[in-house]
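To start, the structure itself, in C-alpha cells.
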Amino acid sequence: MASYKGGAIAVTQPRRVAAVNLAKRVAEETLTTLGKRIGYTVRFDDTSSDETLIKYLTDGMLLREVLSDELLLRYKVIVLDEAHERTLRTDMLFGMVKKIQRLRKEMRANGEDVEELKIVVMSATLDAEKFSEFFDGAKILYVSGRLFPVDSYFTQEPQADYLDASLVTIFQIHVKNPKGDILMFLPGQDAIETLTSLINEYASQLRPNQQKLLACPLFAALPPSQQQKVFDPAPLNTRKVILATNIAETSITIPGIKYVIDCGLAKLRGFNPKIGVESLLLHPISKSSAWQRTGRAGREAAGVCYRLYTEDAFRELDDDTVPEIRRCNLAAAVLSLKAAGIDNVLEFDYMDRPSRASLIRALEELYALGAIDDKGNLSELGKKMAEFPLDPTFSKVIIQSAEYGCSLEVISIVSLLSVDSIFFTPSDKREQATESRRKFLHPDGDHLTLLNVLKAYWEVKGDMGWCKEHFVNVRNIKIALEIRDQLIRFCERFDINPSTSCGTDTDQVLKCFLTGFFQNSALLQPDGSYKSVAGGQTVKVHPGSAMFGKRVEGIMYNELVFTTKHYVRSVSSIQSAWLPAAAPKYFNNMKN
DNA sequence: CTCTCCCT
C-alpha cells in the first residue's frame, strides 16, 4: 500500500459532523474503505492512517497539528472549506498556511528537499476577491450552487414585536398553504420556549377539520432526545413548525422545510478589550446570514422565505458578520500562535486584524498567568499550557494541581466546566429542576457542586432515568467524561499524577482554581454587591448558580458575560486572603 | 431571577 507521507491533502471544516460526513461520503463514492485513502480526524475520533491521501479534519485539529509539525510537512495541499464563516480558527489558519507556504518556497529555493504547499480556499461568499487578495492574487474559480429557487418577502412596515409578528406569520402560512414544514429563526431559548407554548395554545383552537400544527423547539442546550423530535415525521395531518436558533443556519439541516421565517435578529458574542468583558447581545443579522437562512427553504424543492423586516431595513444590514477574531477574548488564540512559532502576534498577517487593544489585552492576561515573560516570549509553563486542549486559565489550573495535591478533583471539574452546562433547565420546569438538584449543592459553590453531580452520576452508572429526573444533560456529561479521559492522558505525559486527591480538604481545589482565575474574582462590598478585582465592575451571580443569593467575602467565577447585566457563571466562594498566594506577581503589582 | 454557536 502506498504511504502518503508528505503528500497528503487536508480538507478543513469548522464543524466535526461535516468533517466526518464528508469523509464517509467521499469514501463511499470512491468505493474505498473509510480510514484507508480517505479518512477523517476530529477530537476523540480519528480514522486516518499513513495510507490516507485525503484527510477531512476540523480546523481546530489542523491548528493542533501545527504545534507538532510547524511546516505541515505531511501535506502538499491544504483546503480550507467554509471560509466565509470566518471562525476564529479558520482566520488563524489563513495567516499560518500563508506563512508556511512562503517558508517552504524559500526552503526549496535553498535546495532543501521540501514540497511546495498548495492552498485552496472554498467560500460561499460573493466577495471572493478579498480571499484572493490575501493570498497574493490567487486565481478564483466560480462554482454554481445547487439550491432550488426561494421567493423572499419583506414586511411593509417595521415590526415592533417580533414574537407577535412570528405568530401571525406562522398561522397565515398554516391556513393558506396545504403542506410543507416551517423553519423559524429566533435569537435564543427564551424566545423559542415562549413562542412554542403560544403556538400550541393557539393551535388547539384551530377548527377540528383543519390540519394540525406542531411546534418543535431546537437549540444547542436541548437534550438529544428532544432535539431528535425535529427529525421525526409529523403525525398524520400535522404540519411541523421548527423554532430554532442559529444552530439551524449551518449545523443542523432539517429535511422537508418549505417555508423559512427570519426574524432578522441573532445573539452575537462581543468583547470589550478595555474592560476585558465579553457580551452576548441581540443584534440585527448580516445580509449573508439572511441569505443563509433563506437558503434553508430551498434544499429539496422551491421554497418561500418571509423576512419580518422591511426591504429598507434589509438594505441597511451589514454585508457580512464581523469575523469572530474581532469579537472575542484572544488569550487562547495568542497562546496557540506563540506556540506555533509566531512570536510577534501584533504583526501577524491577519485577513481582518483584531484591534491592538484586544491583542495587548490577551498578552497581558497570558503574562499575568505566567505563560509569557516580560519580553513576550513563551515561558516553560506557557509551552506546557499550550499543549493542553484547554483555555490557558484551565491549563494553568491543571498544571498547578500537582502542587496543591488535588489533580483528581481538578481534572474532573475542568472537564465539566469545558462543556456547555451539564444541566438543562426548561423555563416551565425551573423550580422542579432546581429542587431535584438541591441534594448535590455544595456550600462552597458550583465547582464542588459539579463534582458532586459527577460522583452521583457514577454511582447510578449513568442511568438515563436518573439524568432525566435530575435535568442532567446526558450528552454534555458524556462529552465531559471524554475530555476527562484525554486530560488524564495529557497529565501522565507531563508527570502530573492524575490520581492525587485532596480528600476532604476541598479548599485546596478552590485555591488551585484561583491560580488560573484570580482575575475572575470579586469581593463583597458593604452594600452587599460584588465588585470584580480586575475591572471593578459590579457583577451579579447568575440565578442558576449555587452561590445565587449568598453573601460571602469573595467569589471566583469561570465566566463573566454582559447580557442584561454583568452576570458571573460557575461561581465558588473564596477568601480574599487566598488571592496573593494564587498570583503573587499580579497582586503585588496592583498595590503599587 | 436567567447565555447564540463552535472547536482542541
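The structure displayed is predicted, hence computed values, not measured ones. Each chain gets a letter, A, B and so on, in the order the sequences are listed, and its residues count up from 1.
The side chain of A/Arg430 approaches B/dT2 more closely than any other nucleotide in the set B/dT2, B/dC7, B/dC3. The side chain of A/Pro543 sits closest to B/dT2 out of B/dC6, B/dT2, B/dC5. Proximity note for A/Phe219 (side chain, C-beta onward) versus B/dT8, B/dC5, B/dC3: the nearest is B/dC5. Of all nucleotides listed (B/dT8, B/dC3, B/dC6), B/dC3 comes nearest to the side chain of A/Thr563. Residue A/Ile247 has its side chain nearest to B/dC6 when only B/dT2, B/dT8, B/dC6 are considered. Closest approach to the A/Ser251 side chain among B/dC7, B/dC5, B/dT8 is made by B/dC5 (side chain taken as heavy atoms from C-beta onward).
If you check the side chains of A/Ser412 and A/Arg484, you find a donor sitting under 3.5 Å from an acceptor.
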### Task
Show your working on side chain to side chain donor-acceptor pair (under 3.5 Å) between A/Lys540 and A/Tyr530 and close with a plain yes or no.
CA-CA 7 Å; A/Lys540 293 266 184 193; A/Tyr530 292 102; over 6 Å; no

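Counting to the nearest Å, the P atom of B/dC6 and the NE2 atom of A/His84 are 15 Å from each other. One can place CZ of A/Arg327 at 16 Å from P of B/dC7, the figure rounded to the nearest angstrom. Following rounding to the nearest Å, A/Leu280 (CG) and B/dC6 (C1') show an atom-to-atom distance of 13 Å.
Residue A/Leu390 is classed as a base contact, given a heavy-atom separation below 4.0 Å to a base. Looking at heavy-atom distances under 4.0 Å, A/Arg15 makes contact with sugar-phosphate atoms alone, never a base. A/Thr425 comes within 4.0 angstrom of no nucleic acid atom, judged by non-hydrogen atoms across all strands. Within the nucleic acid shown, A/Thr87 has no heavy atom closer than 4.0 Å to any nucleic acid atom. A/Glu324 comes within contact range of no nucleotide atom at all, as no heavy-atom separation falls under 4.0 Å. Within the nucleic acid shown, A/Ala220 comes within 4.0 Å of sugar-phosphate atoms alone, with no base atom in reach, counting heavy atoms only. As judged by a 4.0 angstrom heavy-atom cut-off over every strand, A/Arg16 is placed among residues touching the sugar-phosphate backbone only.
Ion pairing between a basic and an acidic side chain is recognised when a charged N comes within 4.0 Å of a carboxylate O; A/Glu324 and A/Arg89 show no such pairing.
Panel note: side chain A/Arg327, backbone A/Arg269; a donor-acceptor pair is recorded below 3.5 Å.
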